[in-house]
Every structure is written in structure tokens, then in C-alpha cells.
**Q** 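One structure follows; several queries about it will come next.
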Amino acid sequence: MPFADLTQSRYSCRHYEDRPVEPEKLNAILEAGRIAPSAHNNHPTRVLVCDTPALRERAAAAAGRFGRDGSVFGAPLVLMVCEKVDTAWVRTYDLMSSANIDTSIVVDQMMMQAEDLGLHTCWVCHFDPREVIDSFGLPSDLYPIHMLTVGYASDEIGDAEKREARRIPMSEFRIPSMFSE
Ligand SMILES: Cc1cc2nc3c(=O)[nH]c(=O)nc-3n(C[C@H](O)[C@H](O)[C@H](O)COP(=O)(O)O)c2cc1C
């Protein structure tokens, strides 16, 4: 599908069919994340694949009200995207760590790859990272930043006009040229 169509069709899916994601599709999604760019090529992102009932349940428990049917939004697959602590590039001028940026690019590439494979996703950050660390027994050098739920949608894509109404217009998104020149 042309990229412009993918970005237009993507939406946050919060209801999934009880149908697993095929292993070859999971591999393609992970590969899209693996090859994502990262600041200074440091690759600080690591992904925990939650595709068993026990792992999905742990992800759901950390995601509070988003937990449903033993998973986050009932998804058959939850990708737990973590930062490998102290490996991201840090900008010397203001000590900004690129960890959130780098891990977000990975999530975005995996999200769009999933979309291209006929799957749907929801990016989830509203979860308790401490609960994830404790319940998964994550080593101290891994810090969970994002979850990405993946599966076949069982909802209908939201009304296009209503979705558009919740976005900011181009005139607001694009900074006037008098500031950018
Ligand atoms: C960084 C990030 C974190 C998000 N966290 C959550 C979340 O915790 N729970 C949720 O339901 N949606 C979450 N979303 C999805 C947004 O709510 C959603 O993208 C937004 O409402 C626009 O809707 P759309 O994705 O259908 O276009 C998150 C999205 C992003 C980019």
C-alpha cells in the first residue's frame, strides 16, 4: 500500500479478534523495528514479545483499565518496547537523552509495518513501568517505555470526519514561515 494511504488508514485499534498474529508477520514487524534509525547509531531499543497468555496477562496487569480479556485491549500480541539503560546517545549541550526518541521511531516503524500487513495497532504509554519491571522480572538495565498492541481489528475504523475533527489543522501544524526563515 502506498505510504500516504497507510498513514491515512492507521488508527488506534482497541478491539481485536481472537486470532493470533502469524509468526512471519511478527518477524516482519520486529525487523522493521530492528532497522530503525537511532541517534549516533546507538540502538538503545529492546523488544519483549508478549504472545503467550502469561506474558499478555502481565502486560495487561500493568496497563490498568486498558486490560481486557487477558491482554491489553484484548490484543493477541503486545510488544513491550524497552530502553537499554545508559546506551542512548546524550546531547552534550543540554544532556537530552535520545532514548525516548529512538524507542519511538522503533514503535512507529513497527506500527506502520503491521498496518501494511493488514494488522492494526494501538500505541500505549499509560502503564506502570514499575509493575512491568517487577512482574516480568526485567533486568535492571531494561526500562519499559512503550507498549504496542497488535492484532486483527474487530472494530470498525472510526468515522473519518470525527477523527479529522480531533486533529489539528495544517495551518496550526505548520509554523508560519516568518518564524522558520
Ligand atoms: C506516545 C503515545 C502514547 C499513547 N498512549 C496511549 C495509551 O496509553 N492508551 C491509549 O488508549 N492510547 C494511547 N495512544 C493513542 C492515542 O490516544 C491516539 O493515537 C490518538 O488519540 C489519535 O487517535 P488515532 O491513533 O486513532 O489517530 C498513544 C499514542 C502515542 C503516540
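Side chains included, hydrogens not; waters and symmetry mates left out as well; all remaining heavy atoms used. Whatever order the structure lists ligands and atoms in, that order sets their numbers, starting from 1.
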**Q** Please find out if less than 6.0 Å separates the ring center of H120 from that of Y11.
**A**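 Centroid separation for H120 and Y11: below 6.0 Å.
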**Q** Salt bridge (Lys or Arg N to Asp or Glu O under 4.0 Å) with E164: which of K162, R167, R166?
**A**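 Of K162, R167, R166, salt bridge (Lys or Arg N to Asp or Glu O under 4.0 Å) with E164 is met by R167 alone.
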**Q** Mind checking whether F66 contacts ligand 1 via backbone (N, CA, C, O), side chain (CB onward), both or neither, at a 4.0 Å heavy-atom cut-off?
**A**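 Within the 4.0 Å criterion, F66 contacts ligand 1 through side-chain atoms alone.
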**Q** Does the R19 side chain pair with the main chain of P76, one donor and one acceptor, at a distance under 3.5 Å?
**A**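 Side chain of R19 to backbone of P76: no pair is present.
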**Q** Does A39 offer a backbone N or O that forms a donor-acceptor pair with the side chain of D102 under 3.5 Å?
**A**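 At least one qualifying donor-acceptor pair exists.
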**Q** What residue and heavy atom of the protein are closest to atom 10 (C) of ligand 1, and at what distance?
**A**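 Closest protein heavy atom to atom 10 (C) of ligand 1: R14 NH2, 3.6 Å.
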**Q** Among all the protein's non-hydrogen atoms, which is closest to atom 22 (C) of ligand 1, and how far away is it?
**A**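 Ranked first by proximity to atom 22 (C) of ligand 1 is R166 NH2, 4.5 Å.
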**Q** Can you list the atoms of ligand 1 that are under 4.0 Å from a heavy atom of C122?
**A**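 Result: 12 (N).
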**Q** Have a look at F127, Y11, W123, F73 and point out the one with the heavy atom closest to atom 6 (C) of ligand 1.
**A**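 That would be W123.
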**Q** Listing request: all side-chain hydrogen bond (donor to acceptor under 3.5 Å, both in side chains) pairs with a residue in residues 50-62, at least two apart in sequence or in separate chains.
**A**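 Every candidate side-chain hydrogen bond (donor to acceptor under 3.5 Å, both in side chains) pair involving residues 50-62 fails, so no pair, neighbours aside, qualifies.
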**Q** Can you pull out the closest protein heavy atom to atom 27 (O) of ligand 1? Residue, atom name and distance to 0.1 Å, please.
**A**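 Looking at atom 27 (O) of ligand 1, the protein heavy atom closest to it is R10 NH2, 3.1 Å.
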**Q** Within the 3.5 Å criterion, strictly below it, is a donor on S38 or N42 matched to an acceptor on the partner's side chain?
**A**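 Short answer, no.
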**Q** In terms of residue, atom name and distance, what is the protein heavy atom nearest to atom 15 (C) of ligand 1?
**A**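 Atom 15 (C) of ligand 1 sits closest to the protein heavy atom S12 OG, 3.5 Å.
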**Q** What part of A63, side chain from CB on, backbone N/CA/C/O, both or neither, has a heavy atom under 4.0 Å from ligand 1?
**A**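 None of A63 does.
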**Q** Donor-acceptor pair, K25 side chain versus L117 backbone, under 3.5 Å?
**A**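 Pair found, side chain donor or acceptor close to backbone of L117.
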**Q** Quick one: look up the protein heavy atom nearest atom 8 (O) of ligand 1 and list residue, atom name and how far away it is.
**A**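 Nearest neighbour among protein heavy atoms for atom 8 (O) of ligand 1, to 0.1 Å: H126 N, 2.8 Å.
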